[in-house]
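A short write-up of the structure that comes next.
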Amino acid sequence: MCRWLAYQGQPIYLDELVFEPEYSLIHQSLEARKAVTRVNADGFGLGWYTERDTPGVFHEVLPAWGDDNLRSLTHHIRSHRFMAHIRSSTGTQVSRANCHPFILDQWLFIHNGQIGEFDKVKFLLERCLPESLYIKRQGTTDSELIFLLMVKNGLFTEPERAIKETIMEIEKVCRQKDVTEPFKASMCISDGHAFWAVRYSTDNHPPTVFLRCDNGNMTLVSEPLDSKNNWQALAPQTVTFIEGCHYEVHSIEMALCG
């Protein structure tokens with residue numbers, strides 16, 4: 001499964017988290033420790049905020065460990081809030097359009113997991129989108145579709161409600177199509193001012209998410225970047241609102257597919 005990180009705090013160079021730690025995101029792309037898939041080689045992406053109104057985004061389809069552009073970019077880009085994502089495809093093609101983070105206006109979205117038996121529900125879920133959002137869909141992943149469904153459900157005005165409504169909407173379609181494989185998701189969403197981190201699965205075993213606050217700097221990861229014991233695992237079935245080093249954890253009711 002995919003590996004990701006998100007950071008907000010004092011401005012740092014991206015390679016301080018992407019390349020330098022003991023178990024950096026690049027290390028995880030070769031040997032993930034808390035994932036079903038140990039090697040993640042289906043593209044990568046960066047998203048970062050500056051003083052501009054919208055974030056910068058970079059996507060590439062090469063394995064992250066072998067791309068000199070990624071090393072150079074992370075060494076020179078400095079940001080107070082950014083995301084990085086290493087992709088492991090669950091069946092859709094390897095393309096820049098399918099790499100995270102996904103972007104709409106000032107919002108960024110990254111996801112690890114999958115909608116079980118996505119082919120069964122893709123048609124119905126896509127048709128839950130209004131035309132104005134459907135035509136913005138550039139790739140073929142369930143991840144991008146989840147993001148657009150959240151936007152449709154009011155992400156820009158009431159993020160937590162939109163996140164929960166989208167999860168329940170996906171569950172409803174899964175039940176309609178007799179899907180038995182679980183919907184699994186660890187997600188991070190930002191509007192440029194805060195993060196919303198989601199850890200959810202219909203089988204109550206969602207992909208991991210860890211949090212660390214260090215001297216006012218907040219880091220979210222799919223697995224720890226080092227062997228220190230100051231990483232806190234987020235609880236399953238929750239959405240966590242994070243602003244600075246303050247965070248609030250709220251539960252998400254589980255509704256099993258099938």
Side-chain angles (χ1 to χ4, degrees), residues 1-4 32 34-45 61 85-102 104 109-131 133-153 155 162-189 196-209 222-223 234-239 251-258:
M1 302 180 84
C2 307
R3 303 286 83 188
W4 61 261
K34 294 184 179 293
V36 175
T37 306
R38 295 185 67 86
V39 177
N40 302 277
D42 298 323
F44 61 85
V61 298
H85 187 278
I86 305 291
R87 184 169 181 251
S88 178
S89 173
T90 55
T92 53
Q93 70 187 80
V94 177
S95 69
R96 289 190 179 93
N98 284 341
C99 289
H100 310 217
F102 298 102
L104 190 58
F109 173 92
I110 51 178
H111 169 236
N112 172 33
Q114 62 183 18
I115 298 174
E117 301 174 73
F118 181 50
D119 287 346
K120 281 188 178 182
V121 298
K122 179 181 177 181
F123 178 85
L124 288 181
L125 287 175
E126 285 184 338
R127 276 141 190 82
C128 291
L129 295 174
E131 182 181 0
L133 288 174
Y134 181 86
I135 61 177
K136 293 183 182 296
R137 183 155 157 78
Q138 298 181 7
T140 56
T141 65
D142 55 354
S143 301
E144 185 186 20
L145 182 53
I146 292 167
F147 178 41
L148 292 174
L149 287 169
M150 288 182 181
V151 175
K152 184 264 295 188
N153 287 326
L155 181 68
I163 290 166
K164 292 179 178 180
E165 285 193 6
T166 300
I167 290 172
M168 294 304 110
E169 186 172 32
I170 293 169
E171 299 282 4
K172 179 180 178 181
V173 173
C174 285
R175 289 193 295 271
Q176 289 176 1
K177 301 299 288 186
D178 296 320
V179 171
T180 57
E181 292 182 8
F183 166 35
K184 291 179 174 285
S186 74
M187 299 180 278
C188 188
I189 307 144
W196 289 263
V198 181
R199 189 172 178 225
Y200 182 82
S201 177
T202 50
D203 63 1
N204 207 30
H205 297 288
T208 55
V209 181
S222 49
E223 66 180 70
L234 296 185
Q237 319 303 79
T238 58
V239 55
S251 65
I252 301 172
E253 291 185 7
M254 183 172 68
L256 290 173
C257 284

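Computed over heavy atoms, backbone and side chain alike; hydrogens, waters and symmetry mates excluded.
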Quiz prompt | P101 side chain reached by W4 side chain, heavy atoms, under 4.5 Å | solution = no

Quiz item: Would the number of heavy atoms belonging to other residues, nucleotides or ligands and lying under 6.0 Å from CD of E126 be above 12?
Solution: yes

Quiz prompt | Step-by-step side-chain contact (heavy atoms from CB on, under 4.5 Å) determination, K184 to H205 | solution = CA-CA 8 Å; K184 291 179 174 285; H205 297 288; 4.0 Å; yes

Self-check item: Crowding at NZ, K172 (>12 non-hydrogen neighbours, <6.0 Å)
Solution: no

Practice problem: Under the side-chain contact (heavy atoms from CB on, under 4.5 Å) rule, what do L104 and F109 come out as? Steps first, then yes or no, please. | Solution: CA-CA 9 Å; L104 190 58; F109 173 92; over 6 Å; no

Exercise. Output yes when K152 and E169 qualify as a salt bridge under the 4.0 Å nitrogen-oxygen rule, no when they do not.
Key: yes

Quiz item: So which heavy atom on L125 is nearest to which on I115, and how close?
Solution: CD1-CD1, 4.0 Å

Quiz item: Would you say L133 and R137 make side-chain contact, with heavy atoms under 4.5 Å?
Solution: no

Quiz prompt | Worked verdict on I167 versus F183 for side-chain contact (heavy atoms from CB on, under 4.5 Å) | solution = CA-CA 9 Å; I167 290 172; F183 166 35; 4.3 Å; yes

Self-check item: Trace of the side-chain contact (heavy atoms from CB on, under 4.5 Å) decision for T208 with R199
Solution: CA-CA 7 Å; T208 55; R199 189 172 178 225; 4.1 Å; yes

Practice problem: Might you point out which heavy atoms bring P207 and A185 nearest each other, and give the distance in Å? | Solution: CD-N, 3.7 Å

Exercise. Please report the shortest heavy-atom distance between S143 and H111, naming the atom on each side.
Key: OG-ND1, 2.6 Å

Quiz item: So, E117 and T180: side-chain donor and acceptor under 3.5 Å apart, yes or no?
Solution: yes

Quiz item: With a 4.5 Å heavy-atom cut-off, do L145 and F118 have their side chains touching?
Solution: yes

Quiz item: What is the minimum heavy-atom distance between C99 and G43, and which atoms define it?
Solution: SG-CA, 4.0 Å

Exercise. Please round to the nearest 0.5 Å and tell me the distance separating atom SG of C188 and atom NE2 of H100.
Key: 13.0 Å

Quiz prompt | Gap between atom OH of Y200 and atom CD of E171 - 0.5 Å precision | solution = 4.0 Å

